[in-house]
Amino acid sequence: MIENNRQDVTISMMKRYSQLLRKFMADNAKIATLIEIINHMNLELYSLKRQEDLVRNFKYVLQLVKEAFCKHGEKDILRCCLKAINFCNAESRGELQDFAQNMLKKLEDQLIAKLKAAMREVAVYELQLSRSVPIESLYEDMAIFLQSFRNLDDEVLSSAAIESG
């Protein structure tokens with residue numbers, strides 16, 4: 001019964017999902033809920049159909065999820081995006097799984113680059129202010145951030161395990 005529902009959701013969303021994401025990309029109230037839909041889809045159907053337009057659509061959906069992650073700063077939206085990309089990484093197959101893995105890697109690289117840029121910016125401000133910013137405090141904040149990022153991965157993985165179990 002549940003699997004039939006997942007299949008029905010997937011089939012009905014295969015061609016229209018990206019259009020919905022694009023339409024409501026700027027809407028903070030709706031985008032997280034829309035992104036969560038992918039976690040209820042049977043991604044194997046994308047691979048089984050073997051239609052090039054569906055493969056392109058799947059890739060476009062992942063690009064839109066990444067765009068939502070980069071565009072929005074709200075914690076719930078960020079979590080939904082990470083959860084969706086991790087779900088695609090775990091549940092898709094073949095070429096689609098490779099694409100999801102690459103998307104996750106690109107997102108991680110982007111976050112690290114932004115973190116490094118922010119650290120350089122703090123150093124520039126320190127020089128401009130001619131005032132020392134305690135480096136220990138900066139490292140402490142960065143360690144807390146990185147730890148919470150790891151905890152978020154654990155949270156996403158554990159919630160994915162709970163949903164699939």
Side-chain angles (χ1 to χ4, degrees), residues 2 5-46 53-92 96-122 124-125 137-138 140-165:
I2 291 176
N5 290 341
R6 285 182 76 205
Q7 187 169 341
D8 292 343
V9 167
T10 304
I11 290 170
S12 65
M13 295 300 284
M14 278 180 151
K15 294 187 179 188
R16 303 285 182 233
Y17 190 45
S18 60
Q19 294 170 350
L20 285 170
L21 289 173
R22 171 62 46 215
K23 181 177 181 177
F24 294 103
M25 181 62 68
D27 190 333
N28 289 352
K30 294 178 183 166
I31 194 67
T33 304
L34 282 171
I35 290 171
E36 283 183 1
I37 290 172
I38 203 164
N39 299 313
H40 303 286
M41 294 172 68
N42 181 350
L43 300 182
E44 285 185 57
L45 290 177
Y46 277 94
D53 62 325
L54 291 178
V55 170
R56 270 194 311 273
N57 195 285
F58 176 84
K59 290 177 178 181
Y60 184 54
V61 164
L62 275 177
Q63 289 171 341
L64 290 171
V65 171
K66 181 180 174 240
E67 180 182 327
F69 184 90
C70 295
K71 183 178 274 190
H72 297 279
E74 292 79 14
K75 185 169 78 170
D76 290 340
I77 295 173
L78 297 176
R79 282 187 175 157
C80 288
C81 292
L82 284 176
K83 186 176 177 182
I85 293 172
N86 279 322
F87 179 80
C88 292
N89 192 19
E91 297 295 322
S92 58
L96 301 178
Q97 188 175 43
D98 292 344
F99 187 81
Q101 288 171 345
N102 287 335
M103 183 66 63
L104 187 59
K105 176 70 173 125
K106 287 178 185 176
L107 191 57
E108 288 172 354
D109 292 346
Q110 252 184 324
L111 287 173
I112 289 170
K114 285 183 180 184
L115 182 59
K116 287 179 180 178
M119 290 173 59
R120 282 191 295 273
E121 207 171 296
V122 167
V124 168
Y125 288 141
S137 156
L138 185 60
E140 236 175 71
D141 290 345
M142 192 168 53
I144 290 168
F145 169 77
L146 292 173
Q147 182 61 40
S148 67
F149 188 70
R150 285 190 192 107
N151 290 341
L152 183 59
D153 284 346
D154 294 341
E155 180 181 319
V156 169
L157 292 175
S158 66
S159 66
I162 290 170
E163 287 176 7
S164 65

Non-hydrogen side-chain atoms of Gln110 and Cys70 separated by less than 4.5 Å: yes
What pairs with Lys59 under salt bridge (charged side-chain N to carboxylate O under 4.0 Å, His left out), at least two apart in sequence or on another chain? Glu95
Check: Met14 and Asn57 side chains under 4.5 Å, non-hydrogen atoms: no
Nearest-0.5 Å distance that lies between atom CD in Gln19 and atom OH in Tyr60: 9.0 Å
To the nearest 0.5 Å, atom CG of Asn86 lies from atom CG of Leu82 at 6.5 Å
Should Glu91 and Met41 count as side-chain neighbours, where that means a heavy-atom distance under 4.5 Å? no
Short side-chain to backbone donor-acceptor contact, Tyr17 and Ile38, under 3.5 Å: yes
Rounded distance (nearest 0.5 Å) linking atom NE2 of His40 with atom CG of Asn5: 11.5 Å
Which heavy atom of Ala84 sits nearest to which heavy atom of Val65, and what is that distance? CB-CG1, 4.2 Å
Considering all heavy atoms, the nearest Ala100-Ile85 contact: O-CG2, 4.2 Å
Is there a side-chain contact between Ser92 and Phe87 in this structure, where contact means two heavy atoms from C-beta onward sitting under 4.5 Å apart? no
How about Leu96 and Cys88: do any of their side-chain heavy atoms sit closer than 4.5 Å? no
Should Arg79 and Lys75 count as side-chain neighbours, where that means a heavy-atom distance under 4.5 Å? yes
State which residues pass salt bridge (charged side-chain N to carboxylate O under 4.0 Å, His left out) with Lys23; sequence neighbours excluded, sorted by chain then number. none
Does the pair Thr10 and Leu43 meet the rule for a side-chain contact (heavy atoms from CB on, under 4.5 Å), with working shown? CA-CA 7 Å; Thr10 304; Leu43 300 182; 5.8 Å; no
Partner set under side-chain contact (heavy atoms from CB on, under 4.5 Å) for Lys15, not counting sequence neighbours: Asp53, Leu54
Between Met103 and Leu107, is any pair of side-chain heavy atoms under 4.5 Å apart? no
What residues form a salt bridge (charged side-chain N to carboxylate O under 4.0 Å, His left out) with Arg22, not counting sequence neighbours? Glu67
Separation of Leu62 CG from Lys106 NZ (nearest 0.5 Å): 11.0 Å
Can you measure from NZ (Lys66) to NZ (Lys71) and round to the nearest 0.5 angstrom? 13.0 Å
Less than 3.5 Å apart, which donor and acceptor atoms pair up between the side chains of residues 27-35 and the rest of the protein, not counting sequence neighbours?
unit_1 : atom_1 : unit_2 : atom_2 : d
Asp27  : OD1    : Ala29  : N      : 3.0
Asp27  : OD1    : Lys30  : N      : 3.4
Asn28  : OD1    : His72  : ND1    : 2.6
Asn28  : ND2    : Glu74  : OE2    : 3.1

Audit row: Lys105, Gln101, side-chain contact (heavy atoms from CB on, under 4.5 Å) steps and yes/no: CA-CA 6 Å; Lys105 176 70 173 125; Gln101 288 171 345; over 6 Å; no
Those residues that, when tested against Lys114, pass salt bridge (charged side-chain N to carboxylate O under 4.0 Å, His left out) (two or more places apart): none
From Ile37 CD1 over to Ser12 OG, what is the distance, rounded to the nearest 0.5 angstrom? 9.0 Å
Donor-acceptor check, side chain of Ser18 to backbone of Val61, threshold 3.5 angstrom: yes or no? no
So Phe69 and Leu64, do their side chains get closer than 4.5 Å, heavy atoms only? no
